[in-house]
Amino acid sequence: MIKNIKIIGYGSCTPSNVVTNHDLSEIIDTTDEWISKRTGIKERRISKGESTSSLAIAAAKKALNVAGITAAELDLIIVATSTPDCFFPSTGCIVQSEIGAINATSFDLAGACTGFVYATDVAIQYLKTGRFKRALVIGAEVMSKIIDWNDRGTAILFGDGAGAIVITTTDEKKITEVYTKSDGTKSEVLKLPAVPIIDMYDNVKVIDRSIMTMNGQEVFKFACNVIIETIDELISKSNIKLEDVDYIVLHQANSRIIEYVSNKVNINIEKFFMNLDKYGNTSAASIPIALDEMYGKNMLKSGQKLMLIGFGGGLTWGGILLEL
Ligand code: UT7
């Protein structure tokens with residue numbers, strides 16, 4: 001029997017080190033005015049020793065605490081990340097060990113900035129089929145590890161952090177609709193090569209650090225289009241109108257993208273939660289960090305409908321419409 005699912009826990013953790021636009025303007029050829037106007041970002045958290053795993057563990061512990069369950073009750077841990085501490089053990093296994101989730105299956109999922117939506121979708125499918133009952137889904141990144149600090153077009157955008165949710169099966173009737181897509185033909189637009197790149201036979205190239213490259217304008221246009229597509233698909237799959245959705249939580253990349261979408265679908269900007277001014281773009285972590293902040297502000301109530309939408313490298317995109 002297909003089960004209903006609901007979110008029962010939220011958590012997040014960001015590094016304590018705040019880097020303002022002004023701070024960045026001292027090491028990069030940029031200004032607070034340019035960054036604020038073009039992106040809406042005012043500051044971001046940059047790791048000073050915190051790892052992707054340590055941020056994920058802290059976010060996980062908070063989410064479990066809110067959910068009121070023990071780690072041993074988890075059946076599944078998925079960590080969405082493009083900046084893991086290790087290829088293996090996965091961040092999921094590191095989290096599992098640290099929190100004592102002795103009964104869980106744990107793994108990582110690489111979906112770039114769409115990673116949290118993809119990971120939540122995978123967890124939902126496991127729960128709906130009855131295979132598992134309780135899942136911990138985490139988005140965690142230390143983007144500062146992979147930023148080219150000489151590229152002012154990307155360096156100003158990103159930040160570090162982790163967010164987590166606990167989801168469970170429920171007997172209550174709840175809406176859950178999912179829409180996901182990818183387009184691998186556009187992989188060059190946003191790219192993070194693995195390290196090291198070594199060709200043994202000729203053109204030997206060893207790089208000591210993996211660096212992200214991005215065509216900002218292309219990603220901007222892509223994001224605006226696929227967010228509208230995702231909203232349309234989720235609404236057409238459900239029996240509700242867009243006006244019935246309480247909050248739309250978009251991947252926090254640029255306030256101009258969010259404003260464009262708000263105008264295009266004619267939904268008040270107040271319904272689009274935004275915290276990118278404080279954290280910048282934390283890739284797979286941005287949506288769960290936003291959810292935890294909304295939870296902390298008492299914005300989330302049972303019965304509310306939320307739309308979560310991610311987009312990013314791959315190219316990848318997708319969304320989830322769910323009822324709290
Ligand atoms: O999570 C993955 C998703 N990533 C995104 O969603 C990123 C989407 N793209 C964007 O958010 C925007 O394209 C950016 C914020 C990255 C760039 O904004 P833009 O309005 O597209 O600027 P641009 O690249 O067209 O550059 C405009 C000008 C250029 O100068 P000229 O050629 O007009 O003289 C750039 O060199 O702004 C210059 N510029 C900067 N100036 C000061 C680019 N970056 C900076 C900077 N500070 N940091």
Side-chain angles (χ1 to χ4, degrees), residues 19-44 46 80-83 110-119 139-163 181-183 186-192 211-230 249-262 264 272 274-277 279-290 308-319:
V19 176
T20 64
N21 292 346
H22 177 72
D23 295 334
L24 276 188
S25 72
E26 291 184 343
I27 55 164
I28 299 173
D29 180 16
T30 190
T31 59
D32 172 44
E33 194 200 351
W34 192 95
I35 303 173
S36 304
K37 217 166 125 201
R38 299 285 183 127
T39 70
I41 298 165
K42 286 283 183 195
E43 58 190 42
R44 71 285 294 140
I46 299 289
T81 184
S82 302
T83 53
C113 301
T114 318
F116 181 76
V117 168
Y118 277 10
E141 307 278 13
V142 177
M143 297 302 285
S144 56
K145 286 196 279 209
I146 51 114
I147 287 170
D148 178 356
W149 292 103
N150 295 313
D151 175 5
R152 64 179 182 172
T154 57
I156 50 100
L157 285 178
F158 294 91
D160 303 333
K181 286 290 285 282
S182 64
D183 179 2
K186 306 261 169 52
S187 58
E188 294 301 320
V189 172
L190 194 47
K191 196 164 179 174
L192 175 63
I211 300 223
M212 173 179 48
T213 53
M214 178 180 79
N215 179 333
Q217 288 191 358
E218 281 301 312
V219 178
F220 194 101
K221 281 184 263 171
F222 150 76
C224 291
N225 290 335
V226 298
I227 295 167
I228 302 294
E229 172 189 314
T230 305
V249 185
L250 300 182
H251 166 48
Q252 304 285 299
N254 188 321
S255 57
R256 286 192 292 136
I257 295 176
I258 300 177
E259 284 153 13
Y260 169 86
V261 173
S262 160
K264 189 85 181 164
F272 291 80
M274 257 197 266
N275 63 0
L276 56 82
D277 55 325
Y279 303 111
N281 177 342
T282 55
S283 191
S286 84
I287 294 174
I289 291 175
L308 316 177
I309 300 181
F311 53 88
L315 294 171
T316 54
W317 66 101

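Just the heavy atoms: all of them, side chains too, but no hydrogens, waters or symmetry mates, feed the values below. Start at 1 and go down the list; that is how both ligands and their atoms are numbered.
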Just wondering, do [Y] and [X] contact through their side chains at under 4.5 Å, heavy atoms?
X	Y	value
D32	S25	no
T316	Y118	yes
R152	I28	yes

Looking only at distances, can you tell me whether any N or O atom of [X], backbone or side chain, sits closer than 3.5 Å to an N or O atom of ligand 1?
X	answer
T39	no
L157	no
Q217	yes

Quiz prompt | Residue portion contacting ligand 1 (non-hydrogen atoms closer than 4.0 Å) for F220 | solution =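 The answer is both, backbone and side chain.
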
Quiz item: Of the backbone atoms (N, CA, C, O) and the side-chain heavy atoms from C-beta on, which set of T154 has a member under 4.0 Å from an atom of ligand 1: side chain, backbone, both, or neither?
Solution: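 Neither; no heavy atom under 4.0 Å.
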
Do you see a donor-acceptor pair shorter than 3.5 Å between the side chains of [X] and [Y]?
X	Y	value
T81	E141	yes
R44	N21	yes
S144	D160	yes
S36	K42	yes

Quiz item: Among the heavy atoms of I35, does any lie under 4.0 Å from an atom of ligand 1?
Solution: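 Not so, I35 does not reach ligand 1.
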
Exercise. Assess A223 for proximity to ligand 1: is some non-hydrogen atom of it under 4.0 Å away?
Key: no

Relative to the heavy atoms of [X], which atoms of ligand 1 are at a distance of less than 4.0 Å?
X	answer
V219	3 (C), 4 (N), 5 (C), 6 (O)
H251	1 (O)
G153	16 (C), 44 (N)
R38	19 (P), 20 (O), 22 (O), 27 (C)
I156	48 (N)
T30	42 (C), 46 (C), 47 (N), 48 (N)
I257	6 (O)
M214	4 (N), 7 (C), 16 (C)

Would you say [atom] has a protein heavy atom nearer than 4.0 Å?
atom	result
atom 46 (C) of ligand 1	yes
atom 34 (O) of ligand 1	no
atom 20 (O) of ligand 1	yes
atom 14 (C) of ligand 1	no

What residue and heavy atom of the protein are closest to [atom], and at what distance?
atom	answer
atom 2 (C) of ligand 1	C113 SG, 3.5 Å
atom 39 (N) of ligand 1	W34 CZ2, 3.4 Å
atom 6 (O) of ligand 1	A253 CB, 3.3 Å
atom 30 (O) of ligand 1	R152 NH2, 4.4 Å
atom 18 (O) of ligand 1	R256 NH2, 3.6 Å
atom 1 (O) of ligand 1	N281 ND2, 2.6 Å
atom 11 (O) of ligand 1	N254 ND2, 2.7 Å
atom 9 (N) of ligand 1	G216 O, 3.0 Å

Any chance you could measure [X], atom [atom1], to [Y], atom [atom2], to the nearest 0.5 Å?
X	Y	atom1	atom2	result
C113	W317	SG	CH2	14.0 Å
F311	E229	CZ	CD	13.0 Å
T114	I287	OG1	CD1	8.0 Å
I289	Y279	CD1	OH	7.0 Å
N254	L157	CG	CG	7.0 Å
I258	M274	CD1	CE	4.5 Å

Quiz item: Does atom NZ of K145 have more than 12 heavy-atom neighbours, drawn from other residues, nucleotides or ligands, at distances under 6.0 Å?
Solution: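 Counting other residues, nucleotides and ligands, NZ of K145 exceeds 12 neighbours.
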
Self-check item: E26 CD: over 12 foreign heavy atoms closer than 6.0 Å
Solution: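 Yes, the 6.0 Å shell around CD holds more than 12 heavy atoms from other groups.
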
Quiz prompt | Matching residue for I27 among D23, L24, T30, D29 - test: side-chain contact (heavy atoms from CB on, under 4.5 Å) | solution = L24

